[in-house]
Amino acid sequence: ELYTALADLKEVLHTESTLINSLDQYIQAEHKKLELLQKYSEIYKQQHTEASEDIENYIANPINAYILIKRLTTDWQHVESLMNMQLGHDYLKNISMYREYLKFPTDEDLNGAAVALTRLQDTYNLDTSALARGELNGIKYSSELSAADCFELGRQSYNNGDFYHTQLWMREADSRLNSETNKTVEKSDILEYLAFSTYKQGNLPLALDLTNKLLEIFPAHPRALGNKGFYEEEMEKLNELKIKGDDESEDIPINDEQMAPQVQYPERELYEQLCRGEVTTDIAITSKLKCYYTNNNNPFLLIAPFKVEEAYPNPKILIFHDVMSDSEIDTIKRMATPRFKRATVQNYKTGELETAQYRISKSAWLKEKEHKHIDDVCRRVSDITGLTVETAEELQVVNYGIGGHYEPHFDFARKEETNAFKSLGTGNRIATVLFYMSDVPQGGATVFPNINAAIWPKKGTAAFWYNLHPSGEGDFNTRHAACPVLAGSKWVSNKWIHEQGQEFRRPCGLEQAPPELTA
Ligand SMILES: O=C(O)CCC(=O)C(=O)O
Ligand SMILES: [Fe+2]
């Protein structure tokens with residue numbers, strides 16, 4: 001699962017350079033072999049021409065007779081064995097050896113990367129052609145996609161049963177193919193996928209039209225012939241219904257090919273708008289927010305107080321600036337990278353940890369005692385929040401890869417999730433401190449869809465909020481999500497603070513408002 005974190009993709013580049021070397025060496029070896037064969041061929045031609053000039057005399061000479069026979073026996077065997085030499089084998093053997101210790105992406109990675117691209121396309125309303133030109137939101141980042149690259153994206157979508165994106169990418173493949181001089185894919189292959197996905201999306205006449213185009217190229221294409229018959233029958237049925245004057249036939253959905261996939265739930269729409277920055281916190285709310293310095297009544301912090309920015313009033317979300325240094329960040333990244341595992345989520349019923357499409361990132365846990373920098377950071381969490389970190393979870397380090405994201409969720413356990421955090425025995429996650437360990441050039445905001453709030457990552461800052469009301473009840477307005485990363489690599493770390501031990505730091509009760517972090 002290399003696609004889930006950018007840290008792992010670096011190793012894939014190393015694998016690629018090894019492969020390029022092997023390929024070059026193999027090509028050189030093949031060249032040498034062909035040069036040798038070329039030499040043999042020239043010698044043969046020269047001697048043959050000589051013989052042909054005076055055949056009678058040539059073969060009458062016993063030496064010539066001997067040479068001719070030798071040429072076509074031992075010498076020729078040499079030629080044949082050269083022709084038969086499978087140089088590729090040795091190089092392939094080397095490559096399969098590399099597979100044991102170099103990182104190779106799998107088909108699953110390819111599918112994951114394709115799904116991630118289509119997710120970005122949806123979340124950020126990206127135009128398919130612009131994406132194919134290597135542009136993200138108007139900024140050109142990467143090389144262009146060939147018709148074959150687009151075709152592969154369509155094929156991956158097709159295999160996932162996602163016919164909407166199959167159509168988009170097959171169309172793009174077709175339009176790219178038209179301007180390619182060295183064609184990278186067959187038009188008929190594109191048409192086949194395009195026709196079937198168009199049918200699946202409910203546009204029968206267009207599906208038939210595309211199948212007819214395919215038959216113009218390959219009149220005997222067996223699947224196309226079968227499908228044509230099927231589509232025509234279906235069309236006839238539709239027409240009969242229409243003739244009968246059946247009103248319902250008018251409602252048969254013929255989807256516009258550009259129609260977006262069904263919005264699964266309204267929260268999703270809002271989540272995506274927040275990610276795109278189209279929806280922002282109401283000005284009536286933001287105008288009352290302040291920035292200030294605080295030492296949290298901690299005498300040790302008098303000299304270097306924290307810079308605090310209020311991001312939202314209720315639930316109170318605070319942003320602390322410059323609370324993690326570059327060298328601390330380097331240490332944390334370095335220690336986490338070799339331990340990265342695909343991030344898991346807790347199964348709501350069983351309490352078991354499992355991977356899910358809605359959370360795509362790699363994460364690792366670091367203990368305070370492992371390095372002074374980690375200890376310092378955890379102590380700072382206590383200074384920032386005024387809460388004890390004795391009962392907190394270890395520091396969770398997260399790296400998001402291409403399109404990496406975490407859909408809307410709560411950090412705290414709901415009442416029905418009786419198994420969550422049981423083994424820790426320190427109660428629920430009372431508060432979250434989320435450190436941003438990188439800037440993110442595009443995308444990757446942390447958004448709160450219930451309250452229209454968004455926090456944009458800034459290296460060295462940390463966001464802090466209480467997940468629980470003072471009563472211990474979960475605050476449902478803390479529901480939040482990590483938007484897909486559109487460009488760059490996003491690094492964060494979470495420190496989840498638990499209830500136990502906070503009794504005198506944040507007294508519980510039914511009415512009390514959260515203690516203010518005093519200015
Ligand atoms: O990465 C982010 O912006 C948020 C991460 C998050 O919510 C989590 O890990 O629980
Ligand atoms: Fe979270």
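Whatever order the structure lists ligands and atoms in, that order sets their numbers, starting from 1. Positions are given from 1 along the sequence.
With a heavy-atom cut-off of 4.0 Å, V398 does not touch ligand 1 at all. Neither the backbone nor the side chain of I455 comes within 4.0 Å of ligand 1, counting heavy atoms alone.
The salt bridge (charged side-chain N to carboxylate O under 4.0 Å, His left out) test with K459 is passed by exactly one of D439, D322, D326: D326.
Geometry about the Fe ion (ligand 2) gives an angle of 90° between OD1 of D411 and NE2 of H480, rounded in steps of 10 degrees.
Distances between N or O atoms of Y436 and those of ligand 1 include no value under 3.5 Å. Below 3.5 Å of separation, one finds no N or O of W496 facing any N or O of ligand 1. Among the atoms of Q396, none of the N or O lies under 3.5 angstrom from an N or O of ligand 1.
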Subject >> side chain to side chain donor-acceptor pair (under 3.5 Å) assessment of D330 paired with H373 >> reply: CA-CA 10 Å; D330 288 344; H373 282 163; over 6 Å; no
Subject >> Residue pair N111, Q156: steps toward the side chain to side chain donor-acceptor pair (under 3.5 Å) verdict >> reply: CA-CA 6 Å; N111 189 256; Q156 293 287 338; 2.8 Å; yes
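If you check each of Y400, W456, F410, W491 against atom 1 (O) of ligand 1, the one with the closest non-hydrogen atom is Y400. Nearest-heavy-atom check against atom 7 (O) of ligand 1 across R429, E407, H480 picks out H480.
Between R133 and E135, at least one side-chain nitrogen of the basic residue sits less than 4.0 Å from a carboxylate oxygen of the acidic one, meeting the salt-bridge criterion. The pair K372-D376 meets the salt-bridge criterion, with a side-chain N (NZ, NE, NH1 or NH2) lying under 4.0 Å from an Asp/Glu carboxylate O.
The aromatic rings of Y406 and H409 lie parallel to each other, their planes meeting at an angle below 30°, with 60° marking the opposite boundary. Between F163 and F196, the ring planes lie perpendicular to each other; the angle is over 60°, past the 30° to 60° tilted range.
Contact annotation: F435 has no heavy atom less than 4.0 Å from any atom of ligand 1.
The shortest contact between atom 3 (O) of ligand 1 and any protein heavy atom is with T446 OG1, 2.5 Å. Scanning the protein heavy atoms around atom 2 (C) of ligand 1, the nearest turns out to be K490 NZ, 3.2 Å.
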